Amino acid sequence: MSVSTNELAPGIAGSVTPVPGAEAPAKSDLRAHVHDAARRARVAARTLARLTSDAKDAALLAAADALVAATDSIIAANADDLRRAREAGIGEAMLDRLALDAGRIGGIAAGLRQVAGLPDPVGEILRGSSRPNGLRLRQIRVPLGVVGMVYEGRPNVTVDAFGLTLKSGNAVLLRGSSSAATSNAELVRVLREALVAAGLPADTVQLLDSQDRVTVTHLIQARGLVDVVIPRGGAGLIDAVVRDAQVPTIETGVGNCHVYVHAEADLALAERIVLNSKTRRPSVCNAAETLLIDRAIADVAVPRLIGALQAAGVTVHGDEPLARRASEAGLPVVLPVTEEDFETEYLSLDIAAALVDGLDDAIKHIDRYSSGHTDAIVTANLGAAQEFTDRVDSAAVMVNASTAFTDGEQFGFGAEIGISTQKLHARGPMGLPELTTTKWIVLGDGQIRPV
């Protein structure tokens with residue numbers, strides 16, 4: 001999930017060293033620092049690409065055990081991050097995303113064990129054929145190579161990225177942010193030691209210095225050294241990486257997600273879905289940001305759904321017809337909605353809301369404002385559901401289910417490297433297969449191509 005702290009957006013610097021105990025490189029040496037790390041990662045990636053599934057799984061399980069064993073030191077490191085975050089005035093929602101305790105560390109370790117239990121995508125044969133001249137062709141999955149991760153906050157991403165890239169045979173360069181500086185450094189220290197104990201290269205995972213945001217530039221412009229960069233965070237970070245990258249980038253988009261309550265919706269079901277989509281974790285990218293209610297059921301649906309949201313502490317920004325019905329029902333004031341509201345990924349307890357004239361109008365609204373992440377319909381009409389899924393062009397389309405389910409773990413991927421809203425290579429939650437590319441193997445017995 002994306003947390004929009006925008007810590008890595010232009011103008012904001014971090015403060016973590018690549019190896020605990022090491023001095024941060026001088027500003028003039030940052031390009032060399034990043035490129036040297038990338039070269040070491042390429043060496044490690046060659047080893048990882050040839051590892052057996054058993055060897056990768058053993059390393060993941062050892063890393064999970066090492067994290068649990070290091071719980072006290074990780075919590076101590078995290079306490080330093082939390083102290084600095086509070087002094088900087090970071091809000092409670094972001095503090096919650098940053099915080100680690102024994103339970104969360106155990107959950108992170110459990111995620112590594114889950115990834116270890118997933119099928120290994122490397123070597124999977126996607127298609128093959130025999131040509132009339134006797135050539136035998138196979139297209140197989142192979143690792144991407146060196147993956148760069150640029151991300152904000154949330155130290156669990158450090159371990160998720162490590163686990164998924166290792167299992168898929170890739171080395172990873174991590175460029176975290178200042179809010180999780182000490183936590184990330186300690187986590188990477190533990191992971192590197194576990195790798196060495198398992199007989200694998202420590203440079204399978206490296207934490208880049210984040211003292212200066214220019215390290216992001218050096219990473220995303222390391223053409224020939226880094227195979228792909230994945231930004232994960234708020235709109236400012238993602239836009240900056242996509243705009244300035246000179247290496248291939250998988251864009252993990254922001255989530256301006258919609259829930260449309262159709263004229264034939266079960267309102268009890270709709271209430272549960274709307275509340276869960278908006279309030280479960282409002283600061284993540286799969287949270288609903290807009291509620292669309294069919295005008296045909298407005299007299300009943302508006303009091304129930306808007307009332308439920310307001311009772312849960314959500315500030316509703318609604319169009320005039322919706323606000324009027326809410327007022328007539330005696331609900332608290334609904335703020336006037338603006339064009340900017342419909343375009344906004346709030347990541348807070350705010351939601352835009354409007355009445356729509358049927359399915360066509362709802363889809364037109366979604367086409368105009370959705371970021372293409374996740375959009376949902378609540379309906380008992382199978383035909384309407386089918387039309388919605390056919391016409392809404394988003395990475396995930398939900399029918400009678402919360403938008404919160406757009407998540408790698410919920411999709412059975414163990415974890416996710418991010419949620420892609422682009423259409424090339426990967427779309428939606430990205431797990432192990434999305435961290436591979438393909439190679440053609442052609443077997444012959446002396447064939448030559450005629451002139």
Side-chain angles (χ1 to χ4, degrees), residues 254-329 331-371 373-379 384-385 388 392 394 396-406:
V254 298
N256 189 359
C257 305
H258 296 69
V259 177
Y260 165 49
V261 180
H262 182 251
E264 297 181 48
D266 178 328
L267 289 185
L269 186 71
E271 181 179 336
R272 293 199 302 273
I273 290 171
V274 169
L275 286 175
N276 187 257
S277 297
K278 178 67 255 183
T279 66
R280 176 186 170 271
R281 293 182 69 183
S283 65
V284 295
C285 62
N286 59 21
E289 305 292 16
T290 298
L291 169 63
L292 302 175
I293 298 175
D294 201 294
R295 196 181 303 272
I297 57 170
D299 289 344
V300 178
V302 167
R304 179 161 188 168
L305 300 180
I306 301 304
L309 285 166
Q310 291 177 329
V314 177
T315 298
V316 179
H317 307 252
D319 66 3
E320 192 278 330
L322 182 143
R324 185 175 65 252
R325 282 178 168 80
S327 176
E328 292 169 352
L331 296 178
V333 173
V334 170
L335 300 180
V337 74
T338 65
E339 187 78 2
E340 184 179 0
D341 287 319
F342 286 132
E343 296 171 347
T344 296
E345 183 190 29
Y346 289 110
L347 300 174
S348 63
L349 285 174
D350 291 84
I351 195 167
L355 299 185
V356 291
D357 294 315
L359 184 64
D360 283 346
D361 197 26
I363 293 173
K364 287 178 183 177
H365 184 104
I366 291 168
D367 284 346
R368 179 172 179 180
Y369 296 106
S370 173
S371 62
H373 187 294
T374 303
D375 296 295
I377 184 173
V378 183
T379 183
F388 189 85
V392 171
S394 296
V397 182
M398 303 290 184
V399 177
N400 296 328
S402 170
T403 60
F405 283 109
T406 304

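Bear in mind the structure is a predicted one, so any value in this text is a computation, not a measurement.
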Under the side chain to side chain contact (heavy atoms under 4.5 Å, CB included) rule, collect the residues that match up with [X], sequence neighbours excluded.
X: Asp361; value: Val356, Asp357
X: Ala296; value: Ala263, Asp294
X: Asp319; value: Pro321, Leu322, Val337, Ala354, Leu355
X: Asp299; value: Arg325

Can you find a pair of side-chain heavy atoms, one from [X] and one from [Y], that are under 4.5 Å apart?
X: Ile366; Y: Leu292; answer: yes
X: Phe388; Y: Thr379; answer: no
X: Ile363; Y: Val392; answer: yes
X: Pro282; Y: Ser348; answer: no
X: Glu289; Y: Thr344; answer: no
X: Tyr260; Y: Leu359; answer: yes

Whether the side chain of [X] engages the backbone of [Y] through a donor-acceptor N/O pair (distance < 3.5 Å, no angle test) should be reported.
X: Glu345; Y: Gly255; value: yes
X: Lys278; Y: Ile273; value: no
X: Gln310; Y: Pro332; value: yes
X: Thr403; Y: Thr374; value: no

By side chain to side chain donor-acceptor pair (under 3.5 Å), which residues pair with [X], not counting sequence neighbours?
X: Glu339; answer: Arg368, Tyr369
X: Ser394; answer: Asp375
X: Thr338; answer: Asp341
X: Arg324; answer: Glu320

Looking at OG1 of Thr290 and CG of Asp350, how far apart are the two atoms once the value is rounded to the nearest 0.5 Å?
-> 11.0 Å
Under the salt bridge (Lys or Arg N to Asp or Glu O under 4.0 Å) rule, what pairs show up with a residue in residues 257-266, not counting sequence neighbours?
-> none
Kindly state each residue pair satisfying ring pair (Phe, Tyr, Trp, His ring centres under 6.0 Å) with at least one member in residues 279-323, sequence neighbours excluded.
-> His317-Tyr346
Stepwise side chain to side chain contact (heavy atoms under 4.5 Å, CB included) check, Cys285 with His373 | CA-CA 8 Å; Cys285 62; His373 187 294; 3.2 Å; yes
Which atom pair, heavy atoms only, marks the closest approach of [X] to [Y]?
X: Arg281; Y: Val284; answer: O-CG2, 3.0 Å
X: Asn286; Y: Ala404; answer: ND2-O, 3.1 Å
X: Val316; Y: Ala353; answer: CG1-CB, 4.0 Å

Using distance only, find each side-chain donor-acceptor pair of residues 300-309 under 3.5 Å and give its atom names and separation, not counting sequence neighbours.
unit_1: Arg304; atom_1: NE; unit_2: Glu271; atom_2: OE1; d: 2.7
unit_1: Arg304; atom_1: NH2; unit_2: Glu271; atom_2: OE1; d: 3.4

Please determine which of Ile351, Leu291, Val274 meets the side chain to side chain contact (heavy atoms under 4.5 Å, CB included) test together with Val314.
-> Ile351
